Undergrad: 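Pasting a structure here, questions to come.
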Amino acid sequence: MAHTAHTVKRYRGLMDWLTTVDHKKIGVLYLIAGALFFGIGGIEAILIRIQLIKPMNDFVDPQTFNELITMHGTTMIFLGVMPIIFALMNAIVPLQIGARDVAFPFLNSLGFWTFFFGGLLLNLSWLIGGVPDAGWTSYVPLSSTEYSPHHGVDFYTLGLQISGIGTLIGGINFLATIINMRAPGMSFMRMPMFTWASFITSALILFAFPAVTVGLVLLTFDRLFGGNFFYIPNGGSIVLWQHIFWIFGHPEVYILILPAFGIISDVISTFSRKRLFGYSSMVFATVLIGFLGFMVWAHHMFTVGLGPVANALFSIATMLIAVPTGIKIFNWLFTMWGGSIKFTAANLYAVGFIPTFVMGGVTGVMLASAPADFQFHDTYFVVAHFHYVIVGGLVLGLFSGLHYWWPKMFGRVLAEGLGKATFWMFYIGFQLTFFVQHFLGLTGMPRRVVTYLPNQGFDTMNLISTVGAIMMGIGVLMFLYNIVITSRKPANASNDPWEDGRTLEWTIPSPPPEYNFKQTPLVRGYDAWWKEKMDGNTEMKPAEPIGSIHMPSPSILPFFMSIGLFIAGLGFMFAKDEFGSGIVGFLFNNYIISGLGLLITFGCMFLRSVIDDHGYHIEKEELEDKGVKA
């Protein structure tokens, strides 16, 4: 079948990266941006720990300390780990389901650029206009103009709204992709666990992010346009913010941890050379965690005074979440039981994840008990708990996934020896940092304090904690060094460099060609590639003859749409300020800058609507020349 020839738009160099709609390249962009923000968040963390290394330290002043703890939390959660999750989802999910791209490639690009410019806006606060200082949860009235009169919290509200748009459209995109783009034979109950986890995560994003968007819009109105949503004298409510924030905030932690669960399932199964134990119960547990995740938000508010009935209900609901999580833990252990286990760097992170996450889960159940929470609340016990689940859970999971899929993304296997050394440096540093913080909390050290008096039993533990934090920092630098030395090697990884790959991504070249699969594969069971190997086949059975492949065209519009939102955000933020220069003041005070930004964004939307772009085709002849087996 002949196609009308469309001119193929190909760019080189920087322009290629700015215009790409290829999910694999967007995955790399997410990875680079995530690494940048993760680095910034890590530096903030180490500065916090240096300040707390000894009693009555004056390394940073109290205002800077408040800015550091606010920006550390916000940067790590929204801009550090989220994009690395999205990097792996982009790079791997379409390959695992046998798709040639995501459902909406243009939106995929838009999602990345809005995320990136939102994060950039938030971090610009270090250079202009004041830094957010109301804690990463931005509780009112601390985040009101009364207590935070500079522009810090405005950077927070506008930056997170813009990057939240990116996360939301990313979530919708992956829902559509996983529902509609699976290869023939890939039923829901044959999908790999990482794809399942990405699917449930995307559903959680779809329901949780609108809540925080509403909260941020209300707070923006309070701060910039004189609203009264959270201003008590005019009938506002400060508890309202807490409810809106946490009905997003608790599902958010499951948005973070579920992809890590998916990674761990795939890695442990691969390196135990065994089918994942209890696959269907794993799927059910993932769905259940996603469902229950929306029913526990007020456990962050036990001390607010909601009353014994609300506290009891949320306490029970929180304890219930431990059940599906426990199912997962046992299934991982049973997968390893009797397997021929290879302790690669990826598998070390995966196995190290299990006891650490159990520990975080146990302290979570302790915190779920409302009367006990009155003691634990706002102490370092809580800090220890959520770092055990986020760092000891999610970050170990991400390191595992990066080691595991690095050859698939870049065609080079990370250095194993250095990878294992990195694991031990990071893991021991992590345990030193956060294990003692449980006891600091139980001894009575409050969270978010800039310093403490000597001889209260805090001194030694804080010192140990800071030493551990520096070890974790060294671990991250070792990982970066591993990337640098690996990138100098030739990209010669085989299709299945671990030799025990079970899923479809290991059936195509590393890194994959732009169209992923030359012929869409036919899936004949769970662990599709392993099943073919066991049947003595050296490649997947194709579900179609070789034909021309339709590809989406690159576009610069997402980049400019995001720049427009970035300019509009700055415009709204500084609209009431006085400027030294009359013309600058005129442009900002009359909403001309913000109007210009919105004009750019809506102009790009208009262009996208009226200019038909049918993409292009890679013809059958080109495919046969390349001789790529899929």
Side-chain angles (χ1 to χ4, degrees), residues 34-35 38-39 41-43 45-46 49-50 53 76 80-81 84 88 257 260-261 263-268 270-272 329 332-333 335-336 339-361 363 384 386-407 412-439 460-487 489 497-498:
F38 191 86
I43 291 165
I46 285 181
R49 284 310 327 161
I50 292 173
I53 194 166
M76 281 304 203
V81 288
I84 299 177
L88 289 174
I257 200 65
F261 285 170
I263 293 166
I264 300 301
S265 300
D266 281 6
V267 170
I268 283 183
T270 299
F271 292 116
S272 301
I329 300 286
W332 289 322
L333 294 175
T335 304
M336 290 193 284
S340 52
I341 304 176
K342 280 188 196 162
F343 283 106
T344 57
N347 203 22
L348 272 180
Y349 282 108
V351 173
F353 165 99
I354 297 175
T356 320
F357 191 80
V358 169
M359 176 92 185
T363 53
F386 69 72
H387 283 86
Y388 257 79
V389 281
I390 298 299
V391 186
L394 169 65
V395 175
L396 290 180
L398 290 178
F399 275 133
S400 177
L402 287 170
H403 270 279
Y404 180 57
W405 282 308
W406 197 267
R412 300 170 175 90
V413 183
L414 287 169
E416 275 293 306
L418 182 55
K420 290 174 185 177
T422 307
F423 165 76
W424 288 112
M425 175 61 81
F426 189 85
Y427 196 70
I428 294 168
F430 163 77
Q431 302 289 354
L432 280 178
T433 308
F434 297 110
F435 187 72
V436 293
Q437 289 186 8
H438 294 103
F439 301 101
T460 316
M461 288 193 272
N462 271 303
L463 175 66
I464 294 169
S465 201
T466 299
V467 171
I470 291 164
M471 285 175 70
M472 285 166 80
I474 294 168
V476 174
L477 292 175
M478 287 165 71
F479 184 73
L480 292 176
Y481 176 66
N482 198 344
I483 291 172
V484 172
I485 59 169
T486 305
S487 63
K489 293 195 292 198
W498 304 117

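None of the values given here were measured: they were computed from a predicted structure. We number each residue from 1, following the sequence as shown. When reading the values below, keep in mind they use all heavy atoms of this one structure, side chains included, and skip hydrogens, waters and symmetry mates.
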Undergrad: Please state whether the rings of Tyr388 and His438 are parallel, tilted or perpendicular, taking 30° and 60° as the class boundaries.
TA: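 Tyr388 vs His438 ring planes: tilted.
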Undergrad: Restricting to non-hydrogen atoms, name the atom on Val413 and the atom on Pro497 that form the minimum distance, rounded to 0.1 Å.
TA: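 Taking Val413 first and Pro497 second, the nearest heavy atoms are CG2-CB, 4.1 Å.
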Undergrad: Going by the rule side-chain hydrogen bond (donor to acceptor under 3.5 Å, both in side chains), which residues pair with Thr433 if we only count those two or more places apart in sequence or in a different chain?
TA: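 By the side-chain hydrogen bond (donor to acceptor under 3.5 Å, both in side chains) rule, Thr433 matches no residue at all.
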Undergrad: Kindly write out the residues that satisfy ring-ring contact (aromatic ring centres under 6.0 Å, His included) with Phe439, not counting sequence neighbours, or none if the list is empty.
TA: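 ring-ring contact (aromatic ring centres under 6.0 Å, His included) list for Phe439, sorted by chain: Phe435.
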Undergrad: Measuring from atom CD1 of Ile428 to atom CZ of Phe423, what distance do you get when rounded to the nearest 0.5 angstrom?
TA: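 It comes to 8.5 Å.
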Undergrad: Kindly state each residue pair satisfying side chain to side chain donor-acceptor pair (under 3.5 Å) with at least one member in residues 414-426, sequence neighbours excluded.
TA: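 Counting only pairs at least two positions apart or across chains, no side chain to side chain donor-acceptor pair (under 3.5 Å) contact touches residues 414-426.
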Undergrad: Provide the closest heavy-atom pair for Ala350 versus Ile268 in the form atom of the first, atom of the second, distance.
TA: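 The pair with the smallest heavy-atom distance is CB-CG1, 3.9 Å.
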Undergrad: If you apply the rule side-chain contact (heavy atoms from CB on, under 4.5 Å), what do you find for Phe261 with Phe353, and how did you get there?
TA: CA-CA 10 Å; Phe261 285 170; Phe353 165 99; 3.6 Å; yes
Undergrad: Once side-chain contact (heavy atoms from CB on, under 4.5 Å) is applied, do any residues pair with Ala346, and if so which ones, sequence neighbours excluded?
TA: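 Testing Ala346 for side-chain contact (heavy atoms from CB on, under 4.5 Å), a comparison that skips the adjacent residues, returns Val267, Phe271, Thr344, Ser400, His403, Tyr404.
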Undergrad: What are the two closest heavy atoms between Gly41 and Met76, and how far apart are they?
TA: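 The answer is C-CE, 3.5 Å.
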Undergrad: Can you confirm whether Val389 sits close enough to Leu394 that some side-chain heavy atom of one is under 4.5 Å from a side-chain heavy atom of the other?
TA: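 Contact flag for Val389/Leu394 side chains = no.
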Undergrad: Return the set of residues passing ring-ring contact (aromatic ring centres under 6.0 Å, His included) with Phe426 (not counting sequence neighbours), or none when no residue passes.
TA: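 Residues passing ring-ring contact (aromatic ring centres under 6.0 Å, His included) with Phe426: Phe399.
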Undergrad: For Ile53, which residues count as a side-chain contact (heavy atoms from CB on, under 4.5 Å) partner, sequence neighbours excluded?
TA: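 By the side-chain contact (heavy atoms from CB on, under 4.5 Å) rule, Ile53 matches Asn57, Leu463, Thr466.
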Undergrad: The criterion is salt bridge (charged side-chain N to carboxylate O under 4.0 Å, His left out); which residues satisfy it with Lys342, sequence neighbours excluded?
TA: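 Applying salt bridge (charged side-chain N to carboxylate O under 4.0 Å, His left out) to Lys342 gives Asp500.
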Undergrad: Can you find a pair of side-chain heavy atoms, one from Ile264 and one from Phe357, that are under 4.5 Å apart?
TA: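 A side-chain contact under 4.5 Å is absent here.
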Undergrad: Distance-only check: which donor-acceptor pairs under 3.5 Å involve side-chain atoms of residues 468-476, not counting sequence neighbours?
TA:
none

Undergrad: Shortest non-hydrogen contact from Tyr427 to Pro355?
TA: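 Answer, listing the atom of Tyr427 first, then Pro355: OH-CG, 3.8 Å.
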Undergrad: Do Leu396 and Phe430 make a side-chain contact, defined as non-hydrogen atoms from C-beta onward lying under 4.5 Å apart?
TA: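 Result no, sub-4.5 Å side-chain heavy-atom pair not found.
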Undergrad: Taking only residues two or more places apart in sequence or in another chain, which ones pass side-chain contact (heavy atoms from CB on, under 4.5 Å) with Ala415?
TA: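 Counting only residues at least two positions away or on another chain, Ala415 forms a side-chain contact (heavy atoms from CB on, under 4.5 Å) with Leu418, Asn482, Ile485.
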Undergrad: What residues form a side-chain contact (heavy atoms from CB on, under 4.5 Å) with Phe343, not counting sequence neighbours?
TA: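 Here the qualifying residues are Ile341, Asn347, Leu348, Val351.
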Undergrad: Arg49 versus Asn462: any side-chain heavy-atom pair under 4.5 Å?
TA: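 Yes. Closest side-chain heavy atoms under 4.5 Å.
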Undergrad: Could I get the full list of side-chain hydrogen bond (donor to acceptor under 3.5 Å, both in side chains) partners for Ser265, not counting sequence neighbours?
TA: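 Residues passing side-chain hydrogen bond (donor to acceptor under 3.5 Å, both in side chains) with Ser265: Trp332.
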Undergrad: To the nearest 0.5 Å, what is the distance between OG1 on Thr486 and OH on Tyr481?
TA: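 Thr486 atom OG1 to Tyr481 atom OH measures 10.0 Å (nearest 0.5 Å).
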Undergrad: Is there any side chain to side chain donor-acceptor pair (under 3.5 Å) pair reaching into residues 468-477, and which pairs are they, with sequence neighbours excluded?
TA: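 Matches after skipping sequence neighbours: none remain.
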Undergrad: So, taking the atom named CG in Leu402 and the one named CG in Leu414, what distance separates them when rounded to the nearest 0.5 Å?
TA: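 Here the rounded value is 8.0 Å.
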